[in-house]
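A quick note: this is a predicted structure, and the numbers were derived from the prediction, not measured. Note on naming: letters A, B, ... go to the chains in the order of the sequence lines (proteins, then strands), and numbering restarts at 1 for each one.
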There are 2 protein chains.
Amino acid sequence: MAERRARRTDPGRRDRIIDACLDVVVAAGVSGTSHRRVAQAADVPLGSMTYHFTGMDELLREAFTRFAHAGSDEFERRLAGATSPDEARAAVVGLVTDLSTTRRDLVLTHELYTLAAREPSFRDITNAWMARSRRALERHFDPTTARLLDALVEGLVLHRALDRPDERGDGGPHDAGLVADAVERITRA
Amino acid sequence: MAERRARRTDPGRRDRIIDACLDVVVAAGVSGTSHRRVAQAADVPLGSMTYHFTGMDELLREAFTRFAHAGSDEFERRLAGATSPDEARAAVVGLVTDLSTTRRDLVLTHELYTLAAREPSFRDITNAWMARSRRALERHFDPTTARLLDALVEGLVLHRALDRPDERGDGGPHDAGLVADAVERITRA
DNA sequence: CGGTGATGTGTACGATCGTACGCATCGGGC
DNA sequence: GCCCGATGCGTACGATCGTACACATCACCG
């Protein structure tokens with residue numbers, strides 16, 4: 001089997017498993033994620049699962065760590081472009097309205113929070129994420145404002161996400177203005 | 001078996017199953033919740049599960065509906081006592097600092113959000129919850145402020161909950177003041 | 001180029017899952 | 001007081017799960 005042998009030395013197999021794990025979580029939820037399903041999604045043999053990871057916990061931890069890093073990066077990237085308080089405010093509004101807008105991000109974020117609510121090891125991931133967000137905000141706002149703003153963003157994203165009854169709705173046309181209003185109120189202290 | 005027969009006519013068996021379901025979800029997560037575990041926790045035979053509920057989905061839906069109602073009730077109860085804007089503000093601060101403070105509430109809330117993020121039928125539950133919260137807030141604040149306040153409360157509760165590295169920490173002594181500050185900023189428009 | 005240790009895989013096992021369905025049981029009508 | 005339809009339960013089945021472990025395969029060294 002040439003195909004089989006080709007698989008043997010496959011760098012990035014671990015990476016592919018991690019990515020596939022996130023895909024499966026999006027599709028089936030953590031509760032529906034199994035070694036077998038991830039293996040199939042990543043197109044690797046079942047044995048590879050236990051070879052590369054000690055169990056689902058480790059796999060999920062790595063997967064969500066990757067997801068959180070990507071989110072943090074985007075968060076920082078958007079804020080880094082701002083050179084004035086007004087631009088920073090606009091960037092924050094953009095974060096709420098654009099970011100975490102896909103169903104994928106939404107689902108993964110909540111799955112992560114749920115895990116974090118239960119297990120401290122996942123809370124480390126969310127804590128690191130929050131710390132980075134806050135640090136990025138503190139480059140533009142005082143610490144207290146940064147903290148409140150961070151919480152506000154979290155709540156707004158969450159509400160925007162759950163508010164829409166259908167899958168594709170965009171929360172209505174007034175939303176951008178509403179978010180801007182909120183950011184304004186918090187930051188204008 | 002007298003014991004067996006006594007079980008036959010057991011009113012409130014359904015209720016007990018629903019309550020036990022929530023307990024199991026807290027302990028093991030939705031992903032670790034099975035008919036068998038809930039049956040054991042509720043001290044009912046396995047067959048009762050499929051007799052009273054068509055499947056886990058229906059059971060979870062009923063359980064979380066109950067949970068959401070309890071949360072809504074508490075939310076309204078606290079706000080109903082306020083007779084002035086200042087008292088309403090204080091009530092909101094109390095909501096953030098006291099409510100959703102237990103590990104149980106925290107875990108259940110996020111499990112619910114996670115389900116809502118994936119399935120519309122659970123989103124109905126969260127939508128109803130949010131609608132009631134907003135309506136309660138609108139008795140004291142204008143609609144826009146109510147909406148923003150609702151989002152802020154959500155974010156603050158979440159951050160307070162995840163912030164603490166250990167299980168029992170209380171988020172630090174400055175928190176009540178911080179929350180009051182945030183509420184002040186949002187409502188003083 | 002042949003041997004060998006490391007690397008990765010296939011498979012089989014025991015546990016646990018949801019669910020279907022035959023049967024025990026009981027309240028109410030005659 | 002007895003039967004019978006409805007109510008609720010016990011059990012068994014097939015599917016799926018995680019995991020262990022013997023074994024195939026490859027890179028590398030002598």
Nucleotide [N], atom [atom2] - distance to [atom1] of [X] in whole Å:
{"X": "A:Met49", "N": "C:dT11", "atom1": "CE", "atom2": "P", "value": "17 Å"}
{"X": "B:Arg16", "N": "D:dG8", "atom1": "CZ", "atom2": "C1'", "value": "14 Å"}
{"X": "B:Gln40", "N": "D:dG10", "atom1": "CD", "atom2": "C1'", "value": "16 Å"}
{"X": "B:His52", "N": "D:dA6", "atom1": "NE2", "atom2": "C1'", "value": "14 Å"}

Carboxylate-amine/guanidinium contact [X] [Y], below 4.0 Å:
{"X": "B:Asp86", "Y": "B:Arg89", "answer": "yes"}
{"X": "A:Glu138", "Y": "A:Arg134", "answer": "no"}
{"X": "B:Arg16", "Y": "B:Asp43", "answer": "no"}
{"X": "A:Glu119", "Y": "A:Arg123", "answer": "no"}

In residues 17-30 of chain B, which residues come under 4.0 Å of DNA chain C by heavy atom? none
Phosphate OP1/OP2 of D:dC9 contacted by B:Arg13 side-chain N/O (<4.0 Å): yes
Give a yes/no on whether any side-chain N or O of A:Ser48 is located under 4.0 angstrom from OP1 or OP2 of C:dT9. yes
Between A:Thr114 (side chain only) and B:His110 (backbone N and O only), is there a donor and an acceptor less than 3.5 Å apart? yes
Taking salt bridge (Lys or Arg N to Asp or Glu O under 4.0 Å) as the definition, give me every residue that meets it alongside B:Asp57, ordered by chain and number, with sequence neighbours left out. B:Arg61
Expected rows: protein N/O vs nucleotides 16-18 of chain D N/O, under 3.5 Å:
from: D:dC17; atom 1: OP1; to: A:Ser34; atom 2: OG; distance (Å): 3.2
from: D:dG18; atom 1: OP1; to: A:His35; atom 2: N; distance (Å): 3.1
from: D:dG18; atom 1: OP2; to: A:His35; atom 2: N; distance (Å): 3.0
from: D:dG18; atom 1: N7; to: A:Arg36; atom 2: NH1; distance (Å): 2.4
from: D:dG18; atom 1: O6; to: A:Arg36; atom 2: NH2; distance (Å): 3.1

Where the side chain of B:Tyr51 is concerned, which of D:dC9, D:dT7, C:dG8 is the nearest nucleotide? D:dT7
When B:Arg66, B:Arg13, B:Arg104 are each screened for salt bridge (charged side-chain N to carboxylate O under 4.0 Å, His left out) with B:Asp19, the one that passes is B:Arg66
Which label fits B:Tyr113 and B:Trp129: parallel for a plane angle under 30°, tilted from 30 to 60°, or perpendicular past 60°? tilted
